[in-house]
Amino acid sequence: MISFLDQKRMDLNYQYRNGDLFVLMTNAGKGVSSVIWDNFKPGSSILIVCGTGNNAGDGIMAAKFLQDKFRVSVYLIKGKSSMKTDMARKALRSFKGKIYEIDEIEKLLEDADIVVDSLLGTGTNGELREPYASVIKKINKSGKKIVSVDIPSGLGTGTMVHPDITVTFTDIKEGMNSSNSGKIEIVDIGIPDNAINYSGPGDLVYLNPPEKDSHKGDNGTLAIIGGWSFHGSAVISSMGALSVGTDLVRVYTTRQNYNIISSYNPEIIVREVTPDSMPLDEIRKHKAILIGPGMGISSIYEKSILSLISSYDGEIILDADALKMLSSHKNSLMGKKITVTPHRQEFLRFYDEDPTKGNAEILSRHYGFTTVLKGSTDTITDGVNTILTDGGNSRMTMGGTGDLLAGIISGLISKGMIRLRACSAGTFVNKKAAEISFNSKSYFFSVNDMIEAIPKVMKLYFEK
Ligand SMILES: NC(=O)C1=CN([C@@H]2O[C@H](COP(=O)(O)OP(=O)(O)OC[C@H]3O[C@@H](n4cnc5c(N)ncnc54)[C@H](OP(=O)(O)O)[C@@H]3O)[C@@H](O)[C@H]2O)[C@@H](O)CC1
Ligand SMILES: [K+]
């Protein structure tokens with residue numbers, strides 16, 4: 001089952017790696033036409049009713065492949081000049097048949113035996129606007145055989161097409177069933193593995209922009225427990241979280257490092273704690289807690305960390321020293337909302353198994369964790385779904401990149417992204433920031449350069 005957002009992710013990641021979607025659109029058009037060949041008499045008259053997006057493009061491509069055996073006309077609900085996407089325009093340019101754009105649709109519906117519904121696909125948002133709602137009602141009333149492309153137009157809204165057949169691509173879409181979609185034909189349009197199982201800019205579709213009337217804290221609050229031994233790690237994680245738009249980041253650290261961390265950036269709120277006594281009530285108010293960056297390990301910290309974890313119901317991200325400290329307490333983490341972000345050696349120490357994709361999946365499945373196994377290719381898994389993040393460069397072996405990634409991921413989780421999505425988007429953003437830094441400074445960029453590049457990456461790929 002694919003949600004509309006999953007499909008958007010796939011589209012964006014496909015384009016990022018493979019170029020434009022025209023091959024897929026062509027395959028989609030072929031798929032629709034072959035279902036029509038199989039189900040209807042040659043020579044019938046087909047009206048393809050098109051909207052303005054890529055769903056329309058699929059219908060137009062189907063029109064091309066149907067022309068040999070059927071009498072085909074294309075109707076554009078908003079006219080040629082309103083086609084929204086490059087791909088739909090390209091499909092339209094390639095079609096050499098009858099196109100209607102101003103005529104009344106009633107007459108065209110009357111003359112048709114089969115109506116292909118290519119009005120709206122997975123790009124639908126909100127309740128139906130005109131002229132779509134009226135045209136959909138007319139199609140339903142026409143009494144003609146209806147074939148919907150990808151989804152029945154209007155699915156998920158108050159008004160929708162009621163098709164006899166829906167030809168859907170790759171997998172069934174969220175909300176579709178045989179009572180609202182007729183006979184469902186699933187067509188493989190050849191989406192490659194790299195658009196599904198690898199992260200990319202599309203992973204950011206799951207991040208919501210701040211609501212207009214939202215308040216301080218609505219867009220992420222993160223507590224970082226760390227910086228007790230190495231203040232720099234806590235600073236870098238904080239900057240990672242702030243750069244992805246987290247509202248509030250509080251670092252809970254020792255008296256010794258309080259001033260150093262505070263003076264680095266006034267946006268980082270610092271609270272002084274002793275490792276064996278922490279203001280648990282205050283810490284628990286955050287939407288997520290990142291434990292570990294620069295924390296150091298000592299048995300006096302262990303008790304307070306364990307009681308924090310056991311008394312907190314929110315999202316917990318464990319990195320670096322927290323992984324060392326908690327390797328013998330994994331069972332007590334079961335049932336909690338845990339993300340672990342080990343590099344290879346940390347994974348080995350934490351799980352006592354080789355740092356492989358398979359073992360990361362077993363760890364996640366067994367304990368219910370989401371795992372980010374960091375490496376030249378990052379493995380992100382919740383034990384059921386696994387996503388890989390490649391890219392970046394070998395300068396990322398410098399100190400601090402792991403702290404930065406932990407901060408980015410924690411920030412995204414605190415903003416409400418689900419764990420697996422936050423981890424795949426976060427690893428993508430982190431590696432992309434390294435690529436941008438490499439372009440300007442070659443092997444000589446620093447973590448600060450990456451911190452500066454993160455908002456640029458976010459802006460470039462954040463689509464809403
Ligand atoms: N990876 C794959 O599997 C592939 C998928 N592909 C295909 O792409 C399809 C998704 O295409 P997409 O993203 O271009 O959106 P799509 O649904 O055609 O139209 C969006 C337009 O509709 C409108 N609109 C939106 N909401 C509305 C509302 N409530 N009420 C009224 N109007 C509304 C709005 O336009 P406007 O009205 O503003 O002109 C908006 O711009 C997908 O279903 C599949 O068929 C293949 O081509 C290739 C590979
Ligand atoms: K449709």
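Owing to the predicted nature of the structure, the values given are computational and were not obtained by experimental measurement. Note that ligands are numbered from 1 as they come in the structure, with each ligand's atoms numbered from 1 the same way.
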*Listing by chain and number, which residues have a heavy atom under 4.0 Å from ligand 1?*
Q7, D11, L24, M25, T52, G53, N54, N55, D58, K78, K84, T85, L120, G121, T122, G123, T124, N125, G126, E127, L128, R129, Y132, D150, F169, I189, I191
Going by an N to O cut-off under 4.0 Å, is there a salt bridge joining [X] and [Y]?
X    : Y    : value
D449 : K441 : yes
K90  : D86  : no
R349 : E346 : no
K145 : D113 : no
K374 : D319 : yes
K287 : E315 : no
R17  : D193 : no
R9   : D203 : yes

*What protein N/O/S atoms are found closer than 3.4 Å to the K ion (ligand 2)?*
N55 OD1, D117 O, L120 O, V149 O, I151 O, S153 OG
_Would you say that more than 12 heavy atoms from the other residues, nucleotides or ligands in this model lie under 6.0 Å from the OH of Y198, or not?_
no
